[in-house]
Amino acid sequence: MAISVPQRPWPVETLARVPYWVYQDPENYQRELRRIFEGDTWNFVCLEMDIPNAGDFRTNTVGALPVIVVRDTDGRINAFENRCSHRGALISFDDGGNVKQRFQCIYHAWSYNLRGDLTSIAFEKGSQGRGGMPPSFCKEEVSPRKLRTTTLCGLVFASLGDPPPIEDYLGEQILGRVKRVLRKPIRVLGRTVQVLPNNWKLYAENVKDTYHASLLHAFLGTFRLSRFTQAGGVLVSPDGAHHASTTIDRPEDRTSTAYRDQGIRTEQDGYRLEDPSVFDGVAEFGDDIKLQILTIFPSFVLQQIQNSLAVRQIVPKGLDSMELSWTYVGFEDDTPEMHRRRLKQSNLVGPAGFVSMEDGCVGGFVQRGTATAPDVLSVVNMGGEGAETQDTRATEASVRGFWKAYRRHMGY
Amino acid sequence: MGGIDLSDGVHGRLAQLNAEYARAIDDDRLEEWPDFFAEPCLYTITSVDNYRQGLPLGVVYADSKAMLRDRVTALRRANIYERQAYRHVVGLPAILGESDGALRAETPFLVVRIMHDGRMDLFATGRYIDVLVEEAGALRFRERVVVCDSKRVDTLLAIPL
Ligand code: FES
Ligand SMILES: [Fe+2]
């Protein structure tokens, strides 16, 4: 498909400024769907455990592109566009399920095999010698577009483009951070979908924004789950695209008064929990990293907040709406104590999460705040102008990394 | 703690409890909300999808009254969200049965969320799946599992359902 050059030029060279029209421009949004989500990126589509057996499938979207992800008879995972070759209906309108051999479109009963090939057309030869498809019609030519798939630690990613293998896509360091958490078979504990009133990028930035965490979220600051005075930092992949931020728990950081000294709202004297079991975390990954938030460009998040583990998928839904699809997980071999601990700590995250509730509304505040300021530039200057790994979270390095990758994909 | 006598107007008492519960939340008397529960208790908010699949994790999970009180304190002191209120419309409770001195009941609800700028949205519909006990002569929730009909939550869920 020919892609026209961007109509709006990117206004500045530095990564430390971003124009607000990027959250508002309808043509830019369409270009994102093509160039980013349908481009050379890996997009999370499901868990391997969602489709264990041949014929098991899930539907999802890659950006706005509806896709079917299905386990083939040889064990491989296929993905193809969920759009019937005939008149464009969804081939499957279910969230998932099992098909024995084939998918059949309900509209006029055209059928597809587990690889997404159009294999049969109802009444292809017509009825009683009349009607039917022209003999020259070639099924292969109109088969749904196929996506390549890859798996990583039980996660399934798909791409309509031609990205490097997932290991190279992520780079060694980010890959190590994924493997650190997803190091054994997982099980799903629950799911929820949070509808956010903002452009998808405002959440993609928010989750990479290590600067806001202990300032917006009073819970993180007050209970010293993650504060700038604690060790850790932010790892940014060399291309800027992916990140992993970490907070390390060390006893000597527990008495700092830096927040109180600056009069920051998120440190509150005398605020205690009656039942602190929600913080009853144990080190389960063989290190002292208490919190790790990791993103895989463009739309995947892996969360470890103490023992609360979740994967999140960012699904754009137009210019000023998106869905955040949460899957909370534990491990298959969790003890009853660990299981209960994860259930309790889940109070920290999600749409009602003590430390993440604000992320549900803050993107909308930006969307509304910038409504008539398309050409104004936001200031993304904490920690300089670069997008390199830094040993502090008082930086916006990983947000700049997002824009570095975004601009490369978009041709800005 | 004695058994609950099903013939003893319990249907009306449960309807009254539900009405008081809803009023406490909608009138922003959240500090009173934990007292509708027995100790120990279980309060979770989940979706029908999770519930049907037997997935235990909801968006809120509290297994003590202290955890319920911590929810309220967090809303008052820590969490940031736009000023909003709910209007609960609670349907008639269906008594499902009684065993070991506890009553099982299910009650449908509908919650409209009213934002500070006047915007009103249907925020949640679902059912309360309850286990109730007598505590000091009053009905209290041993368990209240809030099963929302939709898996979607708009923006955030601050005030309890
Ligand atoms: S649209 Fe699918 S068979 Fe006609
Ligand atoms: Fe946040």
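Note that these values count all heavy atoms, side chains included, but never hydrogens, waters or copies made by symmetry. Every value quoted in this text rests on a predicted model; they were computed, and no experiment measured them. In what follows, every chain begins at residue 1, and chains take the letters A, B, ... in the order their sequences are listed.
- Neither the backbone nor the side chain of A:R187 comes within contact range of chain B, judged by heavy atoms closer than 4.5 Å.
- Only the side chain of B:L75 comes within less than 4.5 Å of a heavy atom in chain A; its backbone stays farther off.
- B:R152 approaches A:V195 most closely through the heavy-atom pair CD-CG2, 3.8 Å.
- Using a 4.5 Å cut-off between heavy atoms, A:F354 contacts chain B through both its backbone and its side chain.
- Annotation for B:N79 and A:G353: closest pair ND2-O, 4.3 Å, computed over non-hydrogen atoms.
- For the residue pair A:M357 and B:L157, the shortest heavy atom distance occurs at CE-O, 3.9 Å.
- Under a 3.5 Å cut-off, the side chain of A:Q194 and the backbone N or O of B:T155 do form a donor-acceptor pair.
- A salt bridge links A:D95 to B:K151: at least one charged side-chain nitrogen sits closer than 4.0 Å to a carboxylate oxygen.
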Hey, mind stepping through B:Y61 and A:K344 against side chain to side chain contact (heavy atoms under 4.5 Å, CB included) and telling me if it holds? CA-CA 6 Å; B:Y61 181 94; A:K344 285 203 170 202; 4.1 Å; yes
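- With hydrogens and angles ignored, the 3.5 Å screen pairs no side-chain donor or acceptor of A:D275 with any backbone N or O of B:A66.
- A pairwise comparison of heavy atoms in B:V59 and A:A352 identifies O-CB, 3.6 Å as the closest pair.
- The pair B:K65-A:E274 does not count as a salt bridge, with every side-chain nitrogen at least 4.0 angstrom from each carboxylate oxygen.
- Of the listed residues (A:L196, A:V355, A:T192), the greatest number of heavy-atom pairs within a distance under 4.5 Å of chain B belongs to A:T192.
- A:R191 and B:S47 make their closest contact through O-OG, 4.4 Å (heavy atoms, listed as atom of the first residue, atom of the second, distance).
- By the 6.0 Å and 45° rule, B:R77 does not stack over the aromatic ring of A:F219.
- With a threshold of 4.5 angstrom between heavy atoms, B:D154 approaches chain A through its backbone and through its side chain.
- Listed options B:R69, B:R71, B:E82, B:M67 were ranked by heavy-atom pairs under 4.5 angstrom with chain A; first place goes to B:R71.
- Across all non-hydrogen atoms, the minimal contact from A:L216 to B:I80 is O-CG1, 4.3 Å.
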Would you check, one step at a time, whether the test side chain to side chain contact (heavy atoms under 4.5 Å, CB included) holds for A:N347 with B:V60? CA-CA 6 Å; A:N347 283 295; B:V60 173; 4.0 Å; yes
